[in-house]
Protein chains: 2
Amino acid sequence: MSQPIALSSEVPATCRACNVRHAGMCAVLTAAELATMARSARRTQHAPGEPLVVEDSKLTSYANVTDGVVKLSRVLRNGRQQVVGLQFAPDLLGRLFGRENLVNVEAASEVDLCRIPKDVLEQLVATNPVLKQRLLDQSLQDLDEARDWMVTLGRKDARQRVASLLLLVARRCGAPGIDDPDRVVFDLPLTRSDMADFLGLTIETVSRQISRLRHEGVVQVANHRHVVIPSLPRLETLAG
Amino acid sequence: MSQPIALSSEVPATCRACNVRHAGMCAVLTAAELATMARSARRTQHAPGEPLVVEDSKLTSYANVTDGVVKLSRVLRNGRQQVVGLQFAPDLLGRLFGRENLVNVEAASEVDLCRIPKDVLEQLVATNPVLKQRLLDQSLQDLDEARDWMVTLGRKDARQRVASLLLLVARRCGAPGIDDPDRVVFDLPLTRSDMADFLGLTIETVSRQISRLRHEGVVQVANHRHVVIPSLPRLETLAG
DNA sequence: CGCCATCATTGATCCGGATCAAACGGGCCG
DNA sequence: CGGCCCGTTTGATCCGGATCAATGATGGCG
């Protein structure tokens, strides 16, 4: 208030309160850049299943996932669906410099977004090479993950696939157990249907394999969602 | 010869004779940049099946594919293999700014490479934003293709998968027929085994589905390799 | 509090693709 | 020219996961 000029380069209040402030692309932005973004950014909340962007639509804005899990999917002409990726906080949604969306984007869990107009972010990318590098890195990591998943879809059986997915979620959402680094606890942000669509399986098969892993003591499940992995290394072995 | 200084900014002879001179990343390079690259580039030829880079090795150079087709693959602990991508001329091999290779790289057909030391290319990328953009675009396109293939692996049956692969190769390697834009002719750069590893199927199933498509008149095959697609739209329909 | 809608589990049966096995064909080398 | 080797095709059988069907939990709402 005393120095308006100085204020413009302070970290905006919304950013200071944001839980991805020091993660993802935001970690490499200066206070002034955060201020520029915050000025045109819009925060939105979404319920599970809510469509965020539809395939083939024009791309007009990017969005940072600040909380929750987002599904990227494509549908075949015959109606069958394939989830082609999951995005967790603090990932950025939107194909960099793309003109249109090639995937459907949908909230898997409760999701908070920080939407940024296309031109604002691209302007920022153009002037900040570190930011550009960071986003390039994320794209390349997405590519690695997509290729990993191709192996899962092409060469693993149902049991290994389910184990692979539990592992993936455990790594992104899991909290390590007290006194036991191998123990992991988390809430599944996906329905059985979402899991099936990501794994290239049916709901029934996913359910059966989870039951099997449960009977074998590899996982404990409560309320269909609360998951405990007593031994992550054991799960890793089963994932192939 | 008369003006050595001027010569350094002329397009190098090897580049002038190169069939990807005006494609891929080389299209956006100045004569001086081409000269810089050519000075440290090394051209190599490889027979089908020859390993070009092995998984988890240190990444020390990039390579432009100037001719032929290259397989990117990963192997599971149980020995099963999954091809996670194909690279055609004029694609660049090597994960940009990566420190190690996460995939096996192997010649599928006869392959010609133009190898460029890691630091030389990265230096060029650092000073040429257009080049950086171009390579970013290729990475994003690779990501799109990987996701497309995830749909193929997760949600298509054997017939659709084989049709999808024929379509993919037809689009990258095919020559359109005279007087008939729907007709395409090409040589398969892959063995049945390679195809199976890309499609998440067995050799036998690939062979059976090709036979089936042949009996239906969707493709004509001679010598296992020479392929004629009388109607590309028909194939597109079958690919799902 | 109890009904209903939704999601998940479990069971029975079927089928597409894997596996096992054999024959085929073309190219290369002796 | 003949024989072998490798990649491919074709056939017979098996099995994992899809499909069809029914039951069981859970959370929202009147």
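Numbered from 1 within each chain, the chains take letters A, B, ... in sequence-line order.
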Once base and sugar-phosphate atoms are separated, protein heavy atoms under 4.0 Å mark nucleotides 15-21 of chain D, 5' to 3', with B, S and - as --SSBB-
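The CG-C1' distance, from A:Asp187 to D:dT26, rounds to 15 Å in whole Å. In this entry the distance linking CG of B:Asn223 with P of C:dG25 reads 13 Å, nearest Å. Here the P atom of nucleotide D:dG7 and the CG atom of B:Asp197 are 13 Å apart, to the nearest Å.
In this structure, a donor-acceptor pair under 3.5 Å is absent between the side chains of A:Arg234 and A:Thr237.
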Hey, mind stepping through A:Leu76 and B:Lys156 against side-chain contact (heavy atoms from CB on, under 4.5 Å) and telling me if it holds? CA-CA 9 Å; A:Leu76 238 36; B:Lys156 292 184 186 176; 3.9 Å; yes
Check step by step if side-chain contact (heavy atoms from CB on, under 4.5 Å) holds for B:Gln87 and B:Val69. CA-CA 6 Å; B:Gln87 305 273 229; B:Val69 179; over 6 Å; no
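Between the CG atom of A:Asp157 and the OG1 atom of A:Thr205 there is a distance of 11.0 Å, given to the nearest 0.5 Å. In this structure, the separation between CE on A:Met195 and CZ on A:Arg161 is 13.0 Å, given to the nearest 0.5 Å.
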Nucleotide N/O of nucleotides 4-8 of chain C paired with protein N/O under 3.5 Å:
from, atom 1, to, atom 2, distance (Å)
C:dA8, OP1, A:Arg192, N, 3.1
C:dA8, OP2, A:Arg192, N, 3.1
C:dA8, O3', A:His224, ND1, 3.0

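Nearest heavy-atom pair across B:Leu153 and B:Gly200 is CD2-N, 4.0 Å.
Side-chain atoms of A:Arg155 come within 3.5 Å of backbone atoms of B:Leu201 as a donor-acceptor pair (strictly under, hydrogens ignored).
Surrounding CZ of B:Arg42 are at most 12 heavy atoms belonging to other residues, nucleotides or ligands under 6.0 Å away.
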